[in-house]
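Just so it is clear, the model here is predicted, and its values are computed rather than measured. In what follows, chains are A, B, ... by sequence order, proteins preceding strands, each numbered from 1.
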Protein chains: 2
Amino acid sequence: MTTIRELAQLCGVSLATVSRVFNKPDSVSPKTRERVERMARELDYRPNESARTLATGRSTMVGLVWDTDHRRSGWRHPFLQDLLIGLKSALSAHGYHLLMLATGEAAHHRQVGASLADPVGYVDTVRRHDLAGVVLIDSGSDAEAFALFAQSGLPCVAIDVAVDGPRATYVTSANAEGAGQAVRHLLGLGHRRIATIAGPARTRPGADRLAGYRAALAEAGVPVREDYVAEGDFYRASGHSAMRKLLALPEPPTAVFAAGDEMAVGALLAARQAGCRVPDDVALVGFDDIEVAALVEPALTTVAQDKSGFGRAAAAAVMAMVEGGKAAPTPAPVELATTLVVRDSCGAAAPR
Amino acid sequence: MTTIRELAQLCGVSLATVSRVFNKPDSVSPKTRERVERMARELDYRPNESARTLATGRSTMVGLVWDTDHRRSGWRHPFLQDLLIGLKSALSAHGYHLLMLATGEAAHHRQVGASLADPVGYVDTVRRHDLAGVVLIDSGSDAEAFALFAQSGLPCVAIDVAVDGPRATYVTSANAEGAGQAVRHLLGLGHRRIATIAGPARTRPGADRLAGYRAALAEAGVPVREDYVAEGDFYRASGHSAMRKLLALPEPPTAVFAAGDEMAVGALLAARQAGCRVPDDVALVGFDDIEVAALVEPALTTVAQDKSGFGRAAAAAVMAMVEGGKAAPTPAPVELATTLVVRDSCGAAAPR
DNA sequence: CTAATTTTTGTAACCGGTTTCATCACCGTA
DNA sequence: TACGGTGATGAAACCGGTTACAAAAATTAG
């Protein structure tokens, strides 16, 4: 590997000059710069990132905190792949890379000094690598770790969960508004007995989508019936049991808004098992627009999130803080617009 | 941040001793070691990874090459998430991290010395970071880049694509055997007119699954009819059109083995549109066991791959090479066992 | 033409570790 | 008691960059 010293020597200049050619090109005279650049190309020179990070104290990597340990159960993030694509390509554009933080007991305990406050070792890794910032994906059980990051002063962007700290912000969909779109659509189809299968109230999307549901009904002058509000946990099974309960009500709803597509799929199966046809007997609208939404029978009408937009927005927020330096203002939380995708499960589909 | 110098000073020993405590504990006297360890814990000392990488020339990161640029189309890896989980947790256990290599023009051209031989900048990043090894996920159009890696002498493990090089190996499913399971299952149900929707012949899984199909038929003494071999590209649309052609045959097959679930889903839709019932009129078996397989109607019988096993096996292979050093033998290619998952689309489901 | 500026370049310290080699203390043995 | 050997420790070079500061060169002003 060519080093900066060799390059400098061959160009007949000092190391400092070579370094400047790549970092502050304007401070080098055009002809020197050109000579160095040509030689660099010829030798296929690449500055070593570790050396650079060591010298500057800041790496060109952003950490991704995504706890996989809880995922043994088979739960999957609904759109991790899109999120990663968005994240990666946006970071890429700034010359940054994404480091997936390995965590878990195994990784942690073989290291020097496992800290009690950081049981799974996230913060540990971040410190060791001088990461430029972190992106947090909620796994539902990392609240403590997230708080640690948010307070640490490191640029920090969370996905779908509110965090608070000096340089912390987050990205969500316009959950309330999205829920409103769904409910208004059902209202527009003439439904008045509209139930919801909500997400957990302690999660941001769960709470906001429920609020949006309530607001939309209120706005239309339709009273909210508490027996029409079932709470699920975003998993499929919870949608299934919630739907069963709703259909068993003395006066069952004619339409259901499920706050997540996985739950909507569960609800669909429950309806089928109860001999209840969708959308004829009960209309159904979901939220997320995951891949299977288009494949189930009937295809699910749902509120689509801008999946790769999450990644792009998160990257943008991190980069703004990183490149702006400590003085830069922390970006405001981002709310991504949602889109209602009308398919068959709501009974409003155009004839095919 | 505490540095090794501070720590050494506070312990009244030299830096070298502190370094040894963490790297070759046996070479330090028990009482010195204990003193240093206690102090390290007290100060919450963490060795800086960049400095360490710089000094040793080898980082504790493994690169993940996964080109997202081709993915604008909406294509997704069938089980990226499981793969990542397996990869990450296995690397974790060795104290290694996964670096997603940012690539693409944008990232590359703002860097020093973009190389022609490495148009998207993978190799570039690997060199800059002194990565310990790389894992390659085939995106169908990275053959040149993959070859570069494989030849480079860096530990290199590819997923689902054969690569050749001094320290390169790969992980696939037992594709031929898996296809055999599917075909034998159909034979066992009495089918003799069994067609296949194959993957692209230039891909490893495509070729091997087709070979497995042929072998299973041959073994059963059923001649392979070339008009029963349709080639798709693993995308859904290709499965759709292939199925349409097969059903339009003068003597259509009574069963179809699709070499990928996406194509199987396409085939299912095509059958439905052709008024052909599955499994009554035509039985269908897929390959992969992606999430939607269980959700389509009828639920898809398919050959399941050990999805997170890919990640674990890849990690194991990389770590074997990394920790074994240059002298260690390159691990043989891994073939993961597959499992036939019988659902409804083949007509053999147990009564519910 | 000289002095004052401004631009360009070089010197050297520094980032935080690892590792080679030399030294020193301590051990058992002759 | 002197000696060779072993194990523990320290001094210093090194990894490959960045950057503060000083010096030199080029430019401008007077």
Given D:dG16, D:dT19, C:dT11, the nucleotide with the shortest approach to the side chain of A:N48: D:dG16
Contact check, side chains of A:L64 and A:V62, non-hydrogen atoms, under 4.5 Å: no
Sugar-phosphate only, base, or nothing, as touched by B:S50 at under 4.0 Å among non-hydrogen atoms: nothing
Phosphate contact (D:dG10 OP1 or OP2) by B:S14 side-chain N/O below 4.0 Å: yes
Worked verdict on A:R35 versus A:V13 for side chain to side chain contact (heavy atoms under 4.5 Å, CB included): CA-CA 10 Å; A:R35 181 154 39 102; A:V13 297; 4.2 Å; yes
Listed nucleotide nearest any side-chain atom of B:A16, set D:dA12, C:dC21, C:dT9: D:dA12
Nucleotide of D:dT18, C:dG17, D:dG10 approaching B:R5 most closely (side-chain heavy atoms): C:dG17
Earlier contact from the 5' end, DNA chain D, for B:R33 and B:A55: B:R33
Validation row: A:D160, A:R204 side chains within 4.5 angstrom (heavy atoms): no
Atom-to-atom span, CD of A:Q9 to P of D:dG16 - whole angstrom: 14 Å
B:T17 side chain near D:dA8 phosphate (N/O to OP1/OP2, under 4.0 Å): no
Donor/acceptor link under 3.5 angstrom from A:R20 side chain onto base of C:dG10: yes
Length of the line joining B:K24:NZ and D:dT9:P, which is rounded to integer Å: 14 Å
Interatomic distance where CG belongs to A:D130 and C1' belongs to C:dG16 [whole Å]: 10 Å
Sugar-phosphate only, base, or nothing, as touched by B:V18 at under 4.0 Å among non-hydrogen atoms: nothing
Gap between atoms CD1 and P, on A:I4 and C:dG10 respectively (whole Å): 12 Å
Integer-rounded Å distance: C:dC14 P and A:L54 CG: 14 Å
N/O (side chain, A:S27) to phosphate O (OP1/OP2, C:dT7) under 4.0 Å: no
Any side-chain heavy-atom pair of A:E49 and B:T53 under 4.5 Å: no
Which atom of A:L154 lies closest to which atom of A:A132, heavy atoms considered: CD1-O, 4.3 Å
Candidate list A:V36, A:V18, A:V21, test side chain to side chain contact (heavy atoms under 4.5 Å, CB included), partner A:V28, passing option: A:V21
Most 5' of A:T56 and B:S29 on DNA chain D, judged by nearest nucleotide: B:S29
Comparing B:N23 and A:A51 on DNA chain C - which has the more 5′ nearest nucleotide: A:A51
Side-chain donor/acceptor of B:R52 to base of C:dG16, under 3.5 Å: no
Residue-phosphate contact under 4.0 Å: A:S19 side-chain N/O, D:dT18 OP1/OP2: yes
Interatomic distance where NZ belongs to B:K31 and P belongs to C:dA25 [whole Å]: 14 Å
Touch class at under 4.0 angstrom, heavy-atom based, for B:T53 against every strand present: nothing
Separation of atom CD in B:E6 from atom P in C:dG16, rounded to whole Å: 8 Å
Between D:dG17 (P) and B:H129 (NE2): distance, integer Å: 13 Å
